[in-house]
Amino acid sequence: MSTQTSQTIQFPYKRTLGPVIGRFFSELTALRIVGIRCGDRVVVPPMEYDPQTGEQLAEHYVEVGPAGTVVSWTWVPEPGPHHPLDRPFAYALVKLDGADTNLLHVLDTGGEDTVSTGMRVAPRWRAEPVGRIDDIEAFVPGETPEGPTAGEPADVRTMEFFSTITYTDVLSPTLERYAASMRAGVITGQRCPRCDRVFLGRGYCSVDALRLGPEHEEALPDHGVVSNYTIVTPTPYPGQKETEPFARASVVLHGDEMVVSQQQIIGVPVADIRVGMRVKAQWFPEAERNAAEISSKGWGTVAGFIEGWVPTGEPDEPAEQFMDRVF
Amino acid sequence: MRNDSDIAVISTAYLPSVRRNELTETEMLITVVDEALDKVGLKRSDIGFSCQGSCDYISGGTFSFVPNLDAMGAWPPIHESHVEMDGAWALYEAWVRMRHGDVEIAVAMGSGKSSTGDPAEIHPLELDPYYLAPLGVDPVSLAALQARQLIDTGKSSERELAEIAARSRRAAADNPRQQVRSAESDVDKLLAEPYVRSPLRRSDLPPISDGASCVVMATARRARDLVERPAWIAGLDHRSEVHNPALRDLTDSPSTRLAAEKAGGVAGVEVAELMAPFTAQEVVLRQALGLGDDVLVNPSGGALTGNPLMSTGLVRIAEAAEQIIAGGRNRTLGHATSGPLLQQNLVCVLEGDI
């Protein structure tokens, strides 16, 4: 059976618009569409530069549309969660009256058989425009715009855009075996037959670029020595859960070369953490161990299986011998 | 006659394109690097420079290319680079690097696993963030807007698109490394299938693929000792157009035409491997390049039948090179594209010794 792990990455973008895109979006809030003059052409949506030559354009704006002609279109019969309308619609290239380029936008016509190249369309405005491209909810058939009464334009300078992507990873055979052994409370490494280094959940030797398989696997001790650490004073940012200073440490497993990095040290004030301190793994209860942190995008991790490392109280190892084992 | 500084493709390898490869990207890369080097008896320590192409957005991991570097065995330290582009652009960088004259053997790689995400969710984020991304326009819808313009302006027809799909599928049936190998290839039956995004049908679209590829290059000083028939890079160029597809003439590809001119032109080209993941894009590329009917296009099956993003373009160059190395041809062309609707285009013209 294969293990799937899923992660959702979110990007809460807030972008400054600059003078040209800012002007376009500001005009939208007054239900006006402007292009920018580019030689004897009018470019819509306006760009800061000539799309062909890259030369900067003077800020000479020209009102266009609001009606236009469909130049190309395609029908989206089953809209997905990332599409702008929740019912079947068309994407279209619309040449607005007075423009020399096309605007890519959305058509809401009710059915595919009512869309055709050359048809005339006009914008349906959002009830309360905010200065975004989707202030035009969609173009609709005909010459007459739909929507609220135009007011004064707002001065729009930024745009927020929230995007989210979900990735589903199916663990590789190596990571699958690694996750199984970690669920059972055993750290399993793979020893490279060429350089004798040991790696966790990787499937290859990072030094020799050699594929490693089950025949290279061995159980590793779950105790070791702190070889390096840093104390982090957290600043708030999306996703940051820590509020107090915390440590992240590297642990060299006993009798072995393997360094497990980015580890929590538990049960001791951060000020007492030392290089050379002997520690042992504190495993999560078996029922709570999970492979959610393992992905095929990086190297094996003990996160989700080992909560952190607890000092054993035994005398320290000499710190000097870990000088080259920091990471 | 070749100059000592001339550069040739001497070996290539790529994994079968599949819907999901269970290996990690790094493991896939180790496999193709091993295969490409073994073919010509080289070791990693022989490599003077390497460059990889991959994309964090596709793999869903920040700095996901860092573990991929393990495919080269980065100890002792090596000379390497990475492009957030298809491996074809990694090959371009490696080729430029070799032209400095101090590197005799270089490797370019490309890798991607589209299986972990939904292209309709990921790809809008590569679009203009102000005017396009908020509209959620997915790659298939974009390609359909281009295809309809091509048909409405009389430059192609739904039947021609179906013929391209059918020809690509028949070619893929003979290539075990392609993904779509036993699909319908009767033109009339394809035309009877429903639209996914009108005027495009399933047969006009590429599959979602995982894969990786590797191309080994050598200068003339080494190439002839390593392979009997090197594929000399006669010219290599890439050009870009404005990002927003709505501001371009989507029925033409001036950047492809210019790149081909700068790479030495298409005269005498016998085989062209074009990266056209949508049928209509093959029409645009053929017309932009001015390829005659006598030019064999995509005998590999092309991107339509296997599309491991970030590797697809490098595979086209690999296939064009193998037409010389193993196929005995004299002049071939490999093309790669990047960005929405053929925004950026790279052309590599290859020659064999006559």
Side-chain angles (χ1 to χ4, degrees), chain A residues 2 7 9 11 13 15 17 21 25 43 45 47 51-52 71-77 80-84 91-93 101-106 112 117 132-134 159 161 163-175 202-211 295-299, chain B residues 20 22-27 30-31 33-34 44 57 59-61 64 66-67 70-75 113 115-118 120-122 124-125 129-138 140-149 152 195-200 241-242 244-248 250:
Chain A
S2 59
Q7 60 178 144
I9 299 179
F11 304 93
Y13 290 118
R15 295 186 168 98
L17 300 172
I21 298 171
F25 283 161
V43 171
M47 306 291 281
Q52 266 70 46
V71 172
S72 186
W73 60 277
T74 186
W75 189 250
V76 182
H82 293 266
H83 286 130
Y91 280 113
L93 296 174
T101 60
N102 301 322
L103 180 74
L104 196 157
H105 219 288
V106 174
E112 183 169 11
T117 302
R132 278 171 57 104
I133 191 68
D134 48 10
M159 183 190 120
F161 181 59
S163 61
T164 174
I165 309 178
T166 297
Y167 294 92
T168 303
D169 224 350
V170 177
L171 294 189
S172 70
T174 296
L175 290 167
R202 218 168 273 200
Y204 54 86
C205 170
S206 291
V207 175
D208 293 300
L210 204 64
R211 291 277 300 276
S295 90
S296 62
K297 286 137 203 159
W299 298 316
Chain B
R20 183 189 299 282
E22 62 179 9
L23 298 180
T24 65
E25 242 179 85
T26 313
E27 290 172 309
I30 290 175
T31 307
V33 172
D34 283 348
R44 282 177 174 76
Y57 265 105
S59 55
S64 60
V66 175
D70 286 351
M72 290 309 294
W75 186 264
K113 290 186 72 168
S115 62
T116 58
D118 175 4
E121 194 176 66
I122 295 172
L125 294 182
Y130 314 102
Y131 294 145
L132 297 178
L135 300 175
V137 57
D138 56 276
V140 181
S141 293
L142 268 183
L145 293 174
Q146 181 176 37
R148 187 180 304 281
Q149 262 199 309
D152 283 349
Y195 294 128
V196 176
R197 292 280 190 280
S198 62
L200 298 182
E241 293 171 57
V242 67
N244 189 334
L247 301 181
R248 291 187 245 135
L250 297 177

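Below, read A as the first sequence line, B as the second, and so on, with proteins coming before strands; counting in each chain starts at 1. In what follows, every heavy atom counts, from backbone to side chain, and hydrogens, waters and symmetry copies are set aside. Because the structure is a prediction, the values reported are computed rather than measured.
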Measuring heavy-atom distances to chain B, does [X] have an atom under 4.5 Å in its side chain, in its backbone, in both, or in neither?
| X | result |
| --- | --- |
| V106(A) | side chain |
| I165(A) | both |
| T164(A) | backbone |
| V207(A) | both |

Taking the six-membered ring for Trp, are Y57(B) and Y167(A) closer than 6.0 Å centroid to centroid?
no

Non-hydrogen atoms of chain A under 4.5 Å away: do they reach the side chain of [X], the backbone, both or neither?
| X | answer |
| --- | --- |
| V140(B) | neither |
| L132(B) | side chain |
| L145(B) | both |
| P124(B) | neither |
| L125(B) | side chain |
| R20(B) | side chain |

In chain order, what residues pass the side-chain contact (heavy atoms from CB on, under 4.5 Å) check against A144(B), with sequence neighbours excluded?
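Partners of A144(B) under the side-chain contact (heavy atoms from CB on, under 4.5 Å) test: T74(A), R197(B), P199(B), L200(B).
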
A133(B): what forms a side-chain contact (heavy atoms from CB on, under 4.5 Å) with it, not counting sequence neighbours?
F161(A)

With respect to chain B, which residue among V170(A), L210(A), D208(A), V43(A) yields the maximal number of heavy-atom pairs within a distance under 4.5 Å?
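Most heavy-atom pairs under 4.5 Å with chain B: V170(A).
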
Could you tell me whether the side chain of E27(B) and the main chain of Y204(A) form a donor-acceptor pair under 3.5 Å?
no

